[in-house]
Amino acid sequence: MRIGYPCINRSIHCTASHTFRLASYTGERLRETVTANLACLEKILRYNHEHGLLFFRITSDLVPFASHPICTFPWQEHFAGEFRRIGEFIRKNGFRISMHPDQFVLLNAPDEGVFQRSIADLVYQTQVLDLMGLDATAKVQIHVGGVYGDKRLSMDRFAEKYTLLDEVIKNRLVIENDERLYTIRDCLELHDRTGIPVIADSFHHALNNKGERFADLLEPLRETWKGRDGIPMVDYSSQEPGKRVGAHAEHIVLEDFRQFLKETLLADIDIMLEIKDKEKSALLALAAARDDARLITRIPAHA
DNA sequence: AATGGTCAAGTCAGC
DNA sequence: GCTGACTTGACCATT
């Protein structure tokens, strides 16, 4: 089991999410920005390595406008050496890596233009992981998409579109339940139809479910990850008190997280903490998990 | 140098 | 019909 956090580290003064306005695009500006982003990504990974946080989500902003027609700079070739070096660091230290395209990536969009732009973004995200030389355990997670007035048809469309994808993308793509439209059950059904692994978000599940206990879904979820996909990834968060339902917490609530660990005790999973103070909460979670592990080892093997 | 409005892209819910 | 939310952050024009 590895524990991690997404995209941003608040302890070091370095972000891999530098961007700029579309109107400011030049090849030179892109080169400068990506140079800075890759340098920061490496620093963040070094911090994570030193602190035992071995699950990390790479920001989609790493190469700004990478999937936009304006981007003609050959960043893949220009930064091939840097990507390879970072990839070696990742592999050498046993990191698990994910990426998460944002809300504009919709495989099941009825609009062909939206679909094509989504493909372009998935190509970009998989290229980043490919350039790092990462195997199929490094995943790109998306949601099922919109409902467009007919959930049944929209799920059918997802399954159809998925089968059209290039193998390079299929090797990395996983689907995640969301807090309003598609449940873990829906994702598992799409797995049955397409073979796509399912990444569960425990917080979204708490907000959108058909009465299933999260712990009871762990085994069906695990079965969607084949050997080369690695162990299942799970996103974890909790409700920020006093805010809109679904708002991610600012800080981890350790009591809740310990309960979550207890429920998932027997499942070997990598846990991503979607908590706003990022590595700060991840470190507390890691300490809690290590406490738990010590408790577990006291249980006799044949008990 | 500080700040607040704005930023490539889509969809849905709630007003 | 508009606004805010999504993994919320970072840019940049204006002061």
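Side-chain atoms are counted along with the backbone in the values below, which use heavy atoms only and exclude waters and symmetry mates. Within every chain, numbering begins at 1; the chains are lettered A, B, ... in the order of the sequence lines, protein sequences first and strands thereafter.
For A/D178 and A/H143, the side-chain atoms include no donor-acceptor pair closer than 3.5 Å. Side-chain N/O atoms of A/S154 and A/R157 include a donor and acceptor closer than 3.5 Å. With hydrogens and angles left out, the side-chain atoms of A/E279 and A/N48 include no donor and acceptor closer than 3.5 Å. Defined by atom type and a distance below 3.5 Å, a donor-acceptor pair is present between the side-chain atoms of A/D186 and A/T183. Checking A/D130 against A/T126 by side-chain atom types alone, no donor-acceptor pair falls below 3.5 Å.
Nucleic acid contact for A/F65: base, since at least one base atom lies under 4.0 Å from a heavy atom of the residue. Looking at heavy-atom distances under 4.0 Å, A/T59 makes no contact with the nucleic acid at all. Within the 4.0 angstrom heavy-atom criterion, only backbone atoms of the sugar-phosphate kind lie near A/I8; the bases stay farther away.
Distances shorter than 4.0 Å separate some side-chain N or O of A/R117 from OP1 or OP2 on B/dG10. Put simply, A/H68 has no side-chain N or O that comes within less than 4.0 Å of OP1 or OP2 on B/dA9. Taking 4.0 angstrom as the limit, A/S60 places none of its side-chain polar atoms (N or O) nearer than this to OP1 or OP2 of C/dT7. OP1 or OP2 of C/dT7 lies within a sub-4.0 Å distance of a side-chain N or O belonging to A/H204.
We find that CD1 of A/I142 is positioned 15 Å from C1' of C/dT7, with the value rounded to whole Å. Per the geometry, CG belonging to A/N9 stands 16 Å off C1' belonging to C/dT8, to the nearest Å. Per the geometry, CZ belonging to A/R29 stands 13 Å off C1' belonging to B/dC7, to the nearest Å. Rounded to whole angstrom, the span from the CG atom of A/D111 across to the C1' atom of B/dT11 amounts to 12 Å. Regarding A/I119, its CD1 atom lies at a distance of 15 Å from the P atom of B/dG10, rounded to whole Å. Distance CG (A/D277) to P (C/dG9): 11 Å, rounded to an integer number of Å. Atoms CZ (A/R57) and P (C/dG9) sit 13 Å apart, rounded to a whole Å. In this entry the distance linking CZ of A/F55 with P of C/dT7 reads 15 Å, nearest Å.
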Just the atom pairs and distances: protein N or O near nucleotides 13-15 of chain C's N or O, under 3.5 Å.
none

Identify the pairs formed between an N or O of the protein and an N or O of nucleotides 2-4 of chain C at a distance under 3.5 Å, and give each distance.
none

Please write out each protein N/O paired with an N/O of nucleotides 13-15 of chain B under 3.5 Å, distance rounded to 0.1 Å.
none

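Of the charged side-chain nitrogens involved, at least one lies within less than 4.0 Å of a carboxylate oxygen, so that A/R31 and A/E28 count as a salt-bridged pair. The pair A/R185-A/E189 does not meet the salt-bridge criterion, since no charged nitrogen lies less than 4.0 angstrom from a carboxylate oxygen.
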Using atom types as modelled, flag every donor-acceptor pair under 3.5 Å from a side chain in residues 73-84 of chain A to any protein atom, sequence neighbours excluded.
from	atom 1	to	atom 2	distance (Å)
A/Q76	NE2	A/Q127	OE1	2.9

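Using a 30° and 60° split on the angle between ring planes, A/H248 and A/H204 fall in the perpendicular class, above 60°. Relative orientation of the A/F20 and A/F65 rings is tilted, given thresholds of 30° and 60° on the angle between their planes.
Taking atom P in both B/dG5 and C/dG4, one finds a spacing of 12 Å when rounded to whole Å. Separating the P atom of B/dC12 from that of C/dG9 is a span of 25 Å, rounded to the nearest Å. Taking atom P in both B/dA9 and C/dC12, one finds a spacing of 16 Å when rounded to whole Å. C/dA13 and B/dA8 have their P atoms separated by 12 Å, with the value rounded to a whole Å. Taking atom C1' in both C/dT3 and B/dT6, one finds a spacing of 15 Å when rounded to whole Å.
For a distance-only test at 3.5 Å, the side chain of A/R21 qualifies as a donor-acceptor partner of the base of C/dC11.
Between A/H143 and A/D61, the residue whose closest nucleotide on DNA chain C is further toward the 5' end is A/H143.
The closest donor-acceptor contact from the side chain of A/N37 to the backbone of A/H18 lies under 3.5 Å.
In this structure, A/R2 is not positioned above the aromatic face of A/F95 in the sense of NZ or CZ being under 6.0 Å from the six-membered ring centre and within 45° of the axis.
A heavy-atom distance below 4.5 Å is not found between the side chains of A/L38 and A/E42.
Residues of residues 95-106 of chain A having a heavy atom closer than 4.0 Å to DNA chain C, listed by number: A/D102, A/Q103.
In the set C/dC11, C/dA10, B/dC12, the nucleotide with an atom closest to the side chain of A/F20 is C/dC11.
The neighbour count for A/K43 NZ, taken as heavy atoms of other residues, nucleotides or ligands under 6.0 Å away, does not exceed 12.
With a cut-off of 3.5 Å on both pairing distances, the Watson-Crick and G-U wobble pairs of DNA chain C assemble into stems of 3 or more at B:1-7 with C:9-15, B:10-15 with C:1-6.
Within the model, atoms CZ of A/R213 and CG of A/L218 stand 10.0 Å from one another, a figure rounded to the nearest 0.5 Å. Between atom NE2 of residue A/H49 and atom CD1 of residue A/I90 there is a gap of 12.0 Å, rounded to the nearest 0.5 Å. To the nearest 0.5 Å, atom CG of residue A/L190 and atom CG of residue A/L107 are 10.5 Å apart.
Residues A/F214 and A/F260 bring their aromatic ring centres within 6.0 Å.
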